[in-house]
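Some notes on the structure that comes next.
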Amino acid sequence: MLSPRGEVHITHRDCGPYKKWNIQDLATSSKLELLDKVHFYRNDYRGYYNRRGAGGKSHKPFTIRNSFTFKFKAQ
(Lines give C-alpha, C1' and ligand atoms only; values in the text may rest on other atoms or scores of the structure.)
Protein backbone atom coordinates (compact mmCIF):
# COMPACT_ATOMS: atom_id res chain seq x y z
CA MET A 1 0.00 0.00 0.00
CA LEU A 2 3.07 2.24 0.07
CA SER A 3 3.52 4.36 -3.05
CA PRO A 4 6.83 3.85 -4.91
CA ARG A 5 8.42 6.95 -3.35
CA GLY A 6 6.45 6.85 -0.11
CA GLU A 7 7.90 6.72 3.37
CA VAL A 8 6.86 5.30 6.72
CA HIS A 9 7.76 7.36 9.81
CA ILE A 10 7.58 5.71 13.22
CA THR A 11 8.39 7.57 16.43
CA HIS A 12 9.44 5.24 19.20
CA ARG A 13 11.59 5.16 22.31
CA ASP A 14 14.96 3.51 21.80
CA CYS A 15 15.90 2.44 25.32
CA GLY A 16 15.01 -0.09 28.01
CA PRO A 17 12.18 -2.48 27.22
CA TYR A 18 11.14 -0.47 24.16
CA LYS A 19 14.33 -1.43 22.36
CA LYS A 20 13.12 -5.06 22.49
CA TRP A 21 10.44 -4.16 19.94
CA ASN A 22 13.25 -4.22 17.33
CA ILE A 23 11.62 -1.60 15.11
CA GLN A 24 14.37 -1.79 12.50
CA ASP A 25 14.21 -5.61 12.29
CA LEU A 26 10.42 -5.51 11.97
CA ALA A 27 10.70 -2.98 9.18
CA THR A 28 13.35 -5.01 7.35
CA SER A 29 11.20 -8.13 7.55
CA SER A 30 8.40 -6.06 5.97
CA LYS A 31 10.63 -5.08 3.04
CA LEU A 32 11.36 -1.58 4.37
CA GLU A 33 14.78 0.07 4.34
CA LEU A 34 15.92 2.57 6.98
CA LEU A 35 16.50 6.02 5.48
CA ASP A 36 17.14 7.99 8.66
CA LYS A 37 16.84 7.94 12.43
CA VAL A 38 16.49 11.35 14.06
CA HIS A 39 15.85 12.55 17.61
CA PHE A 40 12.19 13.31 18.25
CA TYR A 41 11.59 16.79 19.66
CA ARG A 42 8.00 17.37 20.71
CA ASN A 43 8.37 21.14 20.16
CA ASP A 44 8.87 20.49 16.44
CA TYR A 45 5.23 19.35 16.24
CA ARG A 46 2.93 22.15 17.32
CA GLY A 47 -0.13 20.79 19.10
CA TYR A 48 1.44 17.37 19.72
CA TYR A 49 0.26 15.60 22.88
CA ASN A 50 1.34 12.06 23.57
CA ARG A 51 -1.10 9.65 25.19
CA ARG A 52 -1.08 6.01 26.22
CA GLY A 53 -2.81 3.59 23.88
CA ALA A 54 -5.11 1.87 26.35
CA GLY A 55 -5.93 1.20 29.97
CA GLY A 56 -7.04 3.26 32.93
CA LYS A 57 -4.34 5.88 32.36
CA SER A 58 -4.88 6.26 28.60
CA HIS A 59 -5.71 9.95 29.05
CA LYS A 60 -2.34 10.66 30.71
CA PRO A 61 0.94 11.51 28.94
CA PHE A 62 4.09 9.43 29.26
CA THR A 63 7.79 10.24 29.14
CA ILE A 64 9.14 10.67 25.62
CA ARG A 65 12.85 10.91 26.43
CA ASN A 66 15.15 8.81 24.25
CA SER A 67 12.61 8.94 21.43
CA PHE A 68 13.52 8.85 17.77
CA THR A 69 11.69 9.03 14.49
CA PHE A 70 12.66 6.15 12.24
CA LYS A 71 12.16 6.90 8.54
CA PHE A 72 11.75 3.96 6.18
CA LYS A 73 11.14 3.47 2.46
CA ALA A 74 10.24 0.41 0.43
CA GLN A 75 13.23 -1.75 -0.58
Side-chain angles (χ1 to χ4, degrees):
M1 295 183 76
L2 187 62
S3 66
R5 297 182 64 173
E7 296 181 5
V8 176
H9 293 200
I10 300 172
T11 299
H12 188 67
R13 289 182 65 183
D14 198 27
C15 62
Y18 308 101
K19 199 171 192 89
K20 292 179 182 178
W21 288 30
N22 296 316
I23 294 292
Q24 290 178 252
D25 291 341
L26 289 171
T28 300
S29 68
S30 297
K31 307 282 192 255
L32 295 172
E33 177 183 342
L34 182 68
L35 288 173
D36 203 3
K37 176 183 170 185
V38 297
H39 282 278
F40 175 77
Y41 297 108
R42 182 176 58 199
N43 293 338
D44 290 345
Y45 300 89
R46 191 175 73 147
Y48 173 83
Y49 295 99
N50 61 322
R51 297 289 182 258
R52 299 173 188 276
K57 297 181 182 178
S58 62
H59 65 288
K60 296 191 176 198
F62 55 91
T63 304
I64 58 171
R65 70 179 178 276
N66 299 320
S67 294
F68 294 87
T69 298
F70 296 81
K71 301 176 183 183
F72 299 98
K73 69 171 187 151
Q75 290 181 346

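Throughout, residue positions are numbered sequentially from 1 according to the sequence presented.
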Residue pairs meeting side chain to side chain donor-acceptor pair (under 3.5 Å), one or both in residues 60-75, sequence neighbours left out, come to Thr11-Thr69
For Leu34 and Asp36 the tightest heavy-atom approach is CD1-O, 3.3 Å
Here the gap from Leu2 atom CG to Ser30 atom OG, rounded to the nearest 0.5 Å, amounts to 11.0 Å
Tracing side-chain contacts under 4.5 Å among Ile, Leu, Val, Met, Phe, Trp and Tyr outward from Phe40 reaches Tyr45, Tyr48, Phe62, Ile64
Applying side chain to side chain donor-acceptor pair (under 3.5 Å) to Glu7 and not counting sequence neighbours gives His9
Separation between NZ (Lys19) and CD (Gln24), nearest 0.5 Å, reads 8.0 Å
Keeping the roles fixed (side chain from Asn22, backbone from Lys20), state whether a donor-acceptor pair exists under 3.5 Å. yes
Atom CZ of residue position Arg51 - does it have more than 12 heavy atoms of other residues, nucleotides or ligands inside 6.0 Å? yes
Sorted by chain and residue number, the side chain to side chain contact (heavy atoms under 4.5 Å, CB included) partners of Lys37 (sequence neighbours excluded) come out as Asp14, Phe68, Phe70
Value for CG (Leu26) from NE2 (His12), rounded to nearest 0.5 Å, stands at 9.0 Å
Margin query: Do Leu35 and Ile10 sit in one hydrophobic cluster, given that two such residues count as connected whenever their side-chain heavy atoms are within less than 4.5 Å of each other, even indirectly?
Written below: no
